[in-house]
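Letters A, B, ... mirror the listed sequences (proteins, then strands); counts begin at 1.
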Number of protein chains: 2
Amino acid sequence: MDQKRPVRVRIIDVATEAGVSKSTVSIAFNNPQRLSAETTARIRSVADSLGYRPHPVARMLAQRQTRTLGILTPQALTVAFGNPFFSMFSQGVASVGEEFGYALLYVSPLHGSLARAAGQASVDGFVAIGLGEDHPEVEEIRSAGLPIVLVDSAAFPEHGSVEVDDEGGAFAAAQHLVELGHTDFLIIAVEPPYFAVGSDVVSPVLDGVMSRRMRGYRRALEAAGIELADERVVTGSAGFDGGVGAFNRGLDSGLHFTAVLVMSDAMAIGAIHAANERGLTVPGDVSLVGFDNIDEAEHTHPPLTTVHQPAREKGAAAARLLLAAIDRRGSGQPEHRRLGTRLIIRESTSRVAGERQEVNSET
Amino acid sequence: MDQKRPVRVRIIDVATEAGVSKSTVSIAFNNPQRLSAETTARIRSVADSLGYRPHPVARMLAQRQTRTLGILTPQALTVAFGNPFFSMFSQGVASVGEEFGYALLYVSPLHGSLARAAGQASVDGFVAIGLGEDHPEVEEIRSAGLPIVLVDSAAFPEHGSVEVDDEGGAFAAAQHLVELGHTDFLIIAVEPPYFAVGSDVVSPVLDGVMSRRMRGYRRALEAAGIELADERVVTGSAGFDGGVGAFNRGLDSGLHFTAVLVMSDAMAIGAIHAANERGLTVPGDVSLVGFDNIDEAEHTHPPLTTVHQPAREKGAAAARLLLAAIDRRGSGQPEHRRLGTRLIIRESTSRVAGERQEVNSET
DNA sequence: CCGGTTCAATAAACCGGTTCGACAACTCGG
DNA sequence: CCGAGTTGTCGAACCGGTTTATTGAACCGG
């Protein structure tokens with residue numbers, strides 16, 4: 001049995017082998033111009049032949065920086081990565097992270113506790129996606145002296161934040177359908193209990209986002225004098241399947257509707273699929289508007305009308321704010337950014353079909 | 001200007017305040033039963049009131065473990081996260097990571113060097129997605145004494161690995177079309193230069209995967225006596241848009257084909273969309289088989305026939321192998337796992353239409 | 001009253017680097 | 001030939017914890 005125990009080469013080994021002190025070795029790597037060329041060369045070659053790599057953790061400790069950005073999510077990663085939107089957001093964070101040489105650490109609740117998970121993460125700062133008021137980990141992190149940028153939540157003015165105009169986007173979506181003459185609506189929301197583990201509070205994150213969207217829908221409908229009965233709001237789990245389930249439930253409840261507002265594209269794609277399966281054509285029988293504008297929304301059949309939110313820019317902006325906060329180490333004002341949303345009209349929506357044309361063209 | 005400089009509370013502060021030594025404080029947290037109940041309680045309460053959190057990096061250094069799993073990808077994260085498959089894989093890794101209390105660190109090339117990036121990552125081990133033979137970072141990591149599990153590559157028998165039967169899946173896909181009577185094929189591949197930065201070698205990863213799939217296609221066609229001209233293989237960037245581009249290019253080249261084999265679902269979805277835009281119906285005019293079986297494949301119109309690969313299980317298996325390797329610290333045999341693929345027949349494929357219909361008139 | 005246990009708490013070493021101040025040797029102007 | 005700078009290297013302290021061997025006090029039976 002060849003015990004392949006590749007004992008790590010330490011800086012002291014290199015120093016001994018090269019006949020210098022460990023400070024000198026360290027300098028040879030981090031500040032070569034302070035050393036004579038030959039010494040540097042010798043140390044380098046010894047290090048190479050020994051296969052020396054500075055221990056990243058020791059280095060982090062001494063330099064007091066990790067060159068790592070943390071992404072904090074109150075949902076399990078298995079659910080987070082199930083949402084294409086999250087991937088796009090990640091792309092944004094990653095793009096600026098990579099540019100500045102930072103790796104990405106994903107932190108999700110461990111054994112139900114996000115705070116504990118955050119506590120044992122070695123990062124220079126956090127991007128927290130949707131931590132609402134009652135999330136104690138924000139305080140936790142602050143007391144650890146780490147900067148944090150909140151996404152989809154402005155509950156903590158003392159920290160940077162990046163938001164998106166959810167309400168405005170939702171309003172535009174609903175208004176668009178109203179203008180097409182629709183009066184009978186179904187709303188598909190993502191259901192609140194996103195996960196339920198351990199003793200921690202359950203994520204009110206999406207709750208915030210979703211309730212803002214709901215507000216936008218409601219405002220537009222009210223403005224058009226359309227009343228929205230509670231049973232016209234159905235929910236399902238985030239993700240494609242949740243969309244088919246919710247749509248079917250809406251259908252089965254016996255409601256009549258010609259327009260569906262869906263709070264996420266993933267669910268909207270599921271809903272389109274469900275509609276087809278049930279013999280309904282989109283947008284002939286039912287018009288449908290999603291939210292997010294994920295990449296696949298353009299390629300559905302029919303292409304999905306949806307509210308674009310700049311997910312990648314959101315991630316990038318959050319990362320930039322965080323890097324800035326890391327740089328100035330606690331001083332300076334936190335920045336708050338709010339990005340726009342806009343309605344993308346494709347082909348999943350159309351004027352309401354002939355007969356029930358009780359047009360309410362005022363507003 | 002209130003300088004909010006939340007100086008971190010250190011263990012020594014707690015010790016002083018509680019009138020004990022720092023060892024005692026450490027024990028109070030990690031081995032409470034060794035201490036008298038009252039001392040523990042007092043220390044805990046002092047720590048609470050001071051807001052003490054053990055410094056994760058210091059702790060990692062002392063304990064020689066990070067409780068973090070590294071995910072190594074030779075592509076920039078911006079491109080990796082653009083592929084739904086990657087998200088599914090991540091879900092798998094995350095699910096077992098979360099179960100055992102590990103966070104996830106994504107490591108991608110920094111300034112063009114994956115080796116450098118890997119070197120400064122503080123993890124207990126790596127899951128490397130598709131590192132081919134000529135990737136020096138594997139040796140690099142081994143010499144750092146860290147375990148590594150290779151995914152989609154068995155180039156290093158001394159490390160654990162998880163693979164998938166790409167060739168078999170591709171074979172089944174092609175055979176299915178052959179059985180439906182198709183003889184005129186187009187193959188859409190993902191183009192090799194996935195990125196090109198710095199001095200490092202460009203990822204041969206996907207290359208390996210893609211060439212295995214190609215081999216599968218070819219074998220099935222040859223078995224049916226169908227010859228595949230080189231110009232019938234078109235490429236595009238991974239992702240939806242790459243699919244539409246490639247499909248259009250195939251169409252524009254004047255080739256006649258009734259069947260398309262696409263090496264990824266994302267591209268297949270783009271291809272379906274492109275086909276519709278060009279007035280072709282799927283599967284009426286052209287049959288189409290994807291690869292991966294991502295979640296959205298079920299909800300396309302028509303639902304996509306594709307080769308299922310167990311992406312989540314792949315991630316989970318890799319993570320489990322890695323955790324096992326971390327546990328036994330270098331001893332023990334590396335394990336190699338190979339997972340199956342299977343053809344999922346949905347509705348994007350059908351028997352070839354009667355006569356030699358002229359599919360494409362001109363551009 | 002004494003040697004042997006047990007229990008609680010501690011001092012010191014350690015994890016593996018970085019960094020600061022000091023020092024010796026060498027250079028150079030006067 | 002002396003004193004002031006430079007230059008190259010080193011020792012020691014430090015980052016913030018954990019861990020091991022040790023100590024001192026209390027306990028206990030003989």
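- The CG atom of Asn31(A) sits 14 Å away from the C1' atom of dT9(D) (whole-angstrom rounding).
- Among the nucleotides dT10(C), dG17(C), dT9(D), the one closest to any side-chain atom of Ser36(A) is dT9(D).
- Taking atom CD1 on Ile12(B) and atom P on dC14(D), their separation rounds to 12 Å, with Å as the unit.
- Each of dG16(C), dG17(D), dT10(C) was ranked by its minimum atom distance to the side chain of Ala58(A); first place goes to dG16(C).
- Comparing dT10(C), dC10(D), dA9(C) against the side chain of Ser21(B) picks out dT10(C) as the nearest.
- An OP1 or OP2 oxygen of dA9(C) is reached within less than 4.0 angstrom by no side-chain nitrogen or oxygen of Thr24(B).
- Lys22(B) contributes a side-chain N or O that forms a donor-acceptor pair with the base of dG17(D) under 3.5 Å.
- Residues Ser90(B) and Ser87(B) have side chains that never bring a donor and an acceptor to within less than 3.5 angstrom of each other.
- The heavy-atom pair separating Leu105(B) from Ala103(A) by the smallest distance is CD1-CB, 4.0 Å.
- Distance, Asn30(A) CG to dG8(D) P: 17 Å, rounded to whole Å.
- Between Arg8(B) atom CZ and dG16(D) atom P there is a gap of 8 Å when expressed in whole angstrom units.
- One can place OH of Tyr52(A) at 8 Å from C1' of dG16(C), the figure rounded to the nearest angstrom.
- Ring geometry for Tyr106(A) versus Phe81(A): interplanar angle of 30 to 60°, hence tilted.
- Rounded to whole Å, the distance from CZ on Arg10(B) to P on dC14(D) is 11 Å.
- Looking at the side chain of Arg59(A), the nearest of the listed nucleotides dG17(C), dG16(D), dA12(C) is dG17(C).
- If you check dG30(D) for Watson-Crick or wobble pairing at under 3.5 angstrom, you find it paired to dC1(C).
- Nearest to the side-chain atoms of Arg34(A) among the listed nucleotides dG21(C), dG16(C), dT18(C) stands dG21(C).
- For the pair Ile27(A) CD1 and dG17(C) P, the interatomic distance rounds to 15 Å; values are reported in whole Å.
- The shortest distance between the side-chain N/O atoms of Thr39(B) and the OP1/OP2 oxygens of dA9(C) is below 4.0 Å.
- If you measure from atom CG of Asp13(B) to atom P of dG16(D), you get 9 Å, rounded to the nearest angstrom.
- Geometrically, Arg44(B) engages Phe29(B) in a cation-pi contact, judged by NZ or CZ lying under 6.0 Å from the ring centre and within 45° of the ring axis.
- Using a 4.0 Å heavy-atom criterion, one finds that Phe29(A) contacts no nucleic acid atom at all.
- With hydrogens and angles disregarded, a donor-acceptor distance shorter than 3.5 Å links the side chain of Arg67(A) to the backbone of Phe100(A).
- Note that CD1 of Ile129(A) and CD1 of Ile71(A) are 8.0 Å apart. Values are rounded to the nearest 0.5 Å.
- Residues Val123(A) and Leu146(A) have side chains in contact (heavy-atom distance under 4.5 Å, counting atoms from C-beta outward).
- Both Val25(A) and Leu35(B) lie near DNA chain C, and the one whose nearest nucleotide falls closer to the 5' end is Leu35(B).
- Nearest-nucleotide positions on DNA chain D for Ser23(B) and Leu61(B) put Leu61(B) closer to the 5' end.
- Using a 3.5 Å distance cut-off with no hydrogens or angles, the side chains of Ser26(B) and Ser23(B) do not pair a donor with an acceptor.
- Listed by residue number, Ala62(A), Arg64(A) are the residues of residues 62-70 of chain A with a heavy-atom contact under 4.0 Å to DNA chain D.
- Val20(A) comes within 4.0 angstrom of the backbone, heavy atoms only, and of no base.
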